[in-house]
Amino acid sequence: MPYLHLAQANSQKAFNIIEQCQIRQAWQSIGAQINLIGSLKMGLLAKHRDIDFHIYTPTLDVTQSFVAMAQIAKNPKIIHIEYRNLLDEEDSCLEWHAWYRDEEEWQIDMIHIVQGSKYAGYFEKQAERILAVMSEQQKETILQLKFEIPDNVEIAGIEIYQAVIEFGITTFDALQQWRANRPQNGIVEWIP
């Protein structure tokens with residue numbers, strides 16, 4: 001299946017970027033625990049080139065978060081960084097997005113969270129469960145859908161995983177119809 005090979009190639013590129021930018025080392029230097037989550041963690045990285053991390057510390061110190069990001073920003077291939085302070089929101093976090101450009105542009109999402117907060121460990125558990133229940137056929141269907149979705153259509157990966165694993169969706173048209181009957185608001189809290 002060519003989609004599986006494309007996903008594997010994208011995953012290898014992503015892991016190389018993580019190493020080149022020394023992302024783990026930067027966060028560990030401030031005493032943080034850093035966990036890979038999302039499509040890269042599950043081997044489902046398709047054409048949307050993003051790398052997702054959740055980062056945990058006992059308290060959220062904005063200054064320390066900037067210290068870690070400053071280390072990552074030293075890499076000349078990091079061309080843009082965005083920061084959002086969401087401490088007063090439901091997810092209570094500091095949200096970082098960095099863009100890495102080489103032959104292609106990649107987005108690196110780093111969500112800095114307090115240990116023990118509402119979503120601490122949630123998305124790690126979500127990824128583990130998806131990996132535990134997803135069949136090879138479902139994995140191929142998910143990758144096919146992710147590669148077939150038009151570039152101008154945004155569908156969260158977790159929606160695709162739920163549609164395929166829980167509801168047996170196999171085509172883009174069926175995915176669109178399934179989504180039309182569901183509310184699209186906020187964080188999708190689904191674990192198979």
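Bear in mind the structure is a predicted one, so any value in this text is a computation, not a measurement. The first residue in the sequence is number 1, and the count goes up from there. Side chains included, hydrogens not; waters and symmetry mates left out as well; all remaining heavy atoms used.
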So do [Y] and [X] actually touch side chain to side chain, heavy atoms under 4.5 Å?
X: Lys125; Y: Ile191; result: yes
X: Ile30; Y: Trp27; result: yes
X: Cys93; Y: Arg84; result: no
X: Glu159; Y: Arg179; result: yes
X: Ile130; Y: Ile158; result: yes
X: Leu6; Y: Leu4; result: no

Decide whether [X] and [Y] meet the rule of one side-chain donor and one side-chain acceptor closer than 3.5 Å.
X: Gln64; Y: Thr57; value: no
X: Glu124; Y: Tyr56; value: yes
X: Asn35; Y: Gln33; value: yes

Could you tell me which residues satisfy salt bridge (Lys or Arg N to Asp or Glu O under 4.0 Å) with [X], sequence neighbours excluded, listed by chain and number?
X: Glu105; result: Arg101
X: Glu128; result: none
X: Lys139; result: none
X: Glu104; result: Lys13, Arg49

Smallest separation among heavy atoms of [X] and [Y], with atom names:
X: Gln71; Y: Ala26; value: OE1-CA, 3.6 Å
X: Arg129; Y: Pro192; value: NE-O, 3.0 Å
X: Val114; Y: Pro58; value: CG1-O, 3.4 Å
X: Ala14; Y: Trp106; value: CB-CZ3, 3.7 Å

Please report, to 0.1 Å, the donor-acceptor pairs under 3.5 Å made by any side chain of residues 163-177, with sequence neighbours excluded.
residue : atom : partner : partner atom : Å
Glu166  : OE1  : Gln162  : NE2          : 3.2
Glu166  : OE1  : Trp190  : NE1          : 2.5
Thr171  : OG1  : Ala174  : N            : 3.1

If you group Ile, Leu, Val, Met, Phe, Trp and Tyr by side-chain heavy-atom gaps below 4.5 Å, do [X] and [Y] land in one group?
X: Ile108; Y: Ile79; value: no
X: Ile111; Y: Ile37; value: no
X: Ile18; Y: Met42; value: no
X: Ile23; Y: Phe123; value: no
X: Leu60; Y: Phe53; value: yes

- Candidate pair Leu143 and Leu145, rule side chain to side chain contact (heavy atoms under 4.5 Å, CB included), full reasoning: CA-CA 5 Å; Leu143 287 170; Leu145 286 170; over 6 Å; no
Applying side chain to side chain donor-acceptor pair (under 3.5 Å), name anything that partners [X], two or more places apart in sequence or on another chain.
X: Glu148; value: Gln144
X: Asp61; value: none
X: Gln12; value: Asn16

Between [atom1] on residue [X] and [atom2] on residue [Y], distance to nearest 0.5 Å:
X: Ile55; Y: Ser65; atom1: CD1; atom2: OG; value: 7.0 Å
X: Cys21; Y: Asn75; atom1: SG; atom2: CG; value: 4.0 Å
X: Ile78; Y: Gln20; atom1: CD1; atom2: CD; value: 9.5 Å
X: His112; Y: Ile34; atom1: NE2; atom2: CD1; value: 10.0 Å
X: Thr141; Y: Ile160; atom1: OG1; atom2: CD1; value: 11.5 Å
X: Leu44; Y: Asn10; atom1: CG; atom2: CG; value: 11.5 Å

- Task: Walk me through it: do Tyr122 and His54 pass the test side chain to side chain contact (heavy atoms under 4.5 Å, CB included)?
- Result: CA-CA 10 Å; Tyr122 180 84; His54 273 187; over 6 Å; no
- Message: For a side chain to side chain donor-acceptor pair (under 3.5 Å) check, start with the C-alpha distance between Tyr100 and Gln107, then their side-chain angles and the critical distance, and finish with the verdict.
- Response: CA-CA 6 Å; Tyr100 172 98; Gln107 182 174 326; over 6 Å; no
- Query: Residues two or more places apart in sequence or in another chain: which of them pass ring-ring contact (aromatic ring centres under 6.0 Å, His included) with Phe15?
  - Reply: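 Partners of Phe15 under the ring-ring contact (aromatic ring centres under 6.0 Å, His included) test: none.
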- Check side-chain contact (heavy atoms from CB on, under 4.5 Å) between Pro76 and all other residues, then give those that pass, not counting sequence neighbours.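 Applying side-chain contact (heavy atoms from CB on, under 4.5 Å) to Pro76 gives none.
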- Task: Would you sort out whether Asp109 and Ile51 count as a side chain to side chain contact (heavy atoms under 4.5 Å, CB included), showing the intermediate values?
- Result: CA-CA 6 Å; Asp109 298 329; Ile51 302 167; over 6 Å; no
- Query: Restricting to pairs with a member in residues 21-47, which pass salt bridge (Lys or Arg N to Asp or Glu O under 4.0 Å), not counting sequence neighbours?
  - Reply: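 Sorted pair list: Lys47-Asp151.
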- Message: Under the ring-ring contact (aromatic ring centres under 6.0 Å, His included) definition, can you give me all pairs with a residue in residues 59-84, not counting sequence neighbours?
- Response: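 ring-ring contact (aromatic ring centres under 6.0 Å, His included) check on residues 59-84 returns Phe66-Tyr83, Phe66-Trp96, His80-Trp99, Tyr83-Trp96.
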- Message: What verdict does the side chain to side chain contact (heavy atoms under 4.5 Å, CB included) test give for Ser92 and Leu86, after you've listed the backbone C-alpha separation in whole Å, the side-chain angles of each residue and the deciding distance to 0.1 Å?
- Response: CA-CA 5 Å; Ser92 187; Leu86 300 173; over 6 Å; no
